[in-house]
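One structure is given below, encoded as structure tokens.
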Amino acid sequence: MDQRELLKKITDAVREAGSIMLHADRSQSSIDEKAGHGNFVTVYDKRIQKMLKESLLKILPEAVFVGEEEDIHASVEKGYAFIVDPIDGTTNFIKDYHMSVVSVGLILDGEKYMGVVYNPYSDEMFTAIRGQGAYLNGKPIRVSSELLENGIVLFGTAPYYEDLSRRSFEMAFDYFKKALDVRRSGSAAFDLCSIAAGRAELFFELSLSPWDYAAGALIVEEAGGKVTTIEGKPLSLDRGCSVLATNGVCGKCEALAE
Ligand code: IPD
Ligand code: CA
Ligand code: CA
């Protein structure tokens, strides 16, 4: 299948998933708790993941499927693998805060190949194919060229890992002093897209899982930005790690993270 056709089919599935999120009857949505502070799952996380698993595997039957709400996480090293977060921003979803996205990364032989992140509330579809740039609703996007001192810093609080809270806020405080201001959206995938679209200059979070960044990291890179762990290493796709995404020019970013 031609790359464009493949991306189109994936975005169609993701748009449908977003529509389920948008029209959810949250009063009917029972909430279960998972391991970690404030870590919840609703029937919609499970329902959207089930729908995506069915439709994505129909598009690429040979692909491995890794989803947040599955217990068994298969290897992504060989061939195609989808890495899926059905709702990134579940706490926002529960609170009706209108800041949650669907995130689908497609991996080929262990490397990021396609990324799709959809915000159904703003109807924003972020996409990237490796080597072909990043797009928002079909229009090319680029990271900003601002220095950190003129920048906005996004961060995630690593909410499910209480031992990381103090360091997260200390780093956010350091960045707050060097930048214009800080923001916390509640969706790491959306934060990465905000860096890609040039709406903010730097994002960090001390612990994330592959489904949070598999799609968004490619979108940032294809928009001209840089994504590594806090220590400057490549992100892992088979287990979680910290994430530092920048526009690639905001000078003191990396130094401050060390
Ligand atoms: C979470 C969101 C949040 C981030 C957490 C993630 P979830 O994903 O991306 O912004 O701070 O670390 O786990 O649980 O809503 O899919
Ligand atoms: Ca997530
Ligand atoms: Ca999720």
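Positions are given from 1, in the same order as the sequence printed here. As the structure lists them, so they are numbered: ligands from 1, and atoms in each ligand from 1. Below, all heavy atoms of this structure are taken into account, side chains as well, without hydrogens, waters or symmetry copies.
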Report the name of the N/O/S atom of D212 located nearest to the Ca ion (ligand 2).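 Of the nitrogen, oxygen and sulfur atoms in D212, the Ca ion (ligand 2) lies nearest to OD1.
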Atoms in ligand 1 with a heavy atom of [X] nearer than 4.0 Å:
{"X": "T90", "value": "15 (O)"}
{"X": "S187", "value": "9 (O), 10 (O)"}
{"X": "D85", "value": "16 (O)"}
{"X": "I87", "value": "16 (O)"}
{"X": "E205", "value": "4 (C), 5 (C), 11 (O), 12 (O)"}
{"X": "G186", "value": "2 (C), 3 (C), 10 (O)"}
{"X": "E68", "value": "16 (O)"}

Hey, does the side chain of [X] reach the backbone of [Y] with a donor-acceptor pair shorter than 3.5 angstrom?
{"X": "Q49", "Y": "E69", "value": "yes"}
{"X": "T42", "Y": "D45", "value": "yes"}
{"X": "N137", "Y": "D123", "value": "yes"}

Taking C-beta and beyond as the side chain, do [X] and [Y] meet within less than 4.5 Å on heavy atoms?
{"X": "V116", "Y": "M125", "answer": "yes"}
{"X": "F155", "Y": "M171", "answer": "no"}
{"X": "R167", "Y": "L206", "answer": "yes"}

N/O/S of E68 less than 3.0 Å from the Ca ion (ligand 2)?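 Coordinating: no.
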Below a 4.0 angstrom heavy-atom separation, can you tell me which part of [X], side chain or backbone, both or neither, approaches ligand 1?
{"X": "L208", "value": "side chain"}
{"X": "D88", "value": "both"}
{"X": "R184", "value": "side chain"}
{"X": "A188", "value": "both"}

Check whether any N or O atom of G89, backbone or side chain, sits under 3.5 Å from an N or O atom of ligand 1, and answer yes or no. yes
Where the Ca ion (ligand 2) is the corner point, what angle links OD1 of D88 with OD2 of D85, to 10°?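 Answer comes to 90°, rounded to 10°.
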Regarding P86, does it place an N, O or S atom less than 3.0 Å from the Ca ion (ligand 3)? no
Heavy-atom closest contact (V182 atom, A172 atom, distance): CG1-O, 3.8 Å
Is there a heavy atom in Y160 that sits closer than 4.0 Å to ligand 1?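 The answer is yes: ligand 1 sits under 4.0 Å from a heavy atom of Y160.
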Short N-O contact, K178 and D174, less than 4.0 angstrom: no
Thinking salt bridges, do E16 and R47 make one under a 4.0 Å N-O criterion?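 No, E16 and R47 are not salt-bridged.
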Parallel, tilted or perpendicular: rings of F126 and F190 (30°, 60°):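 If you compare the ring of F190 with that of F126, the planes turn out perpendicular.
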Between D191 and S194, do the side chains contain an N or O donor and an N or O acceptor separated by less than 3.5 Å? no
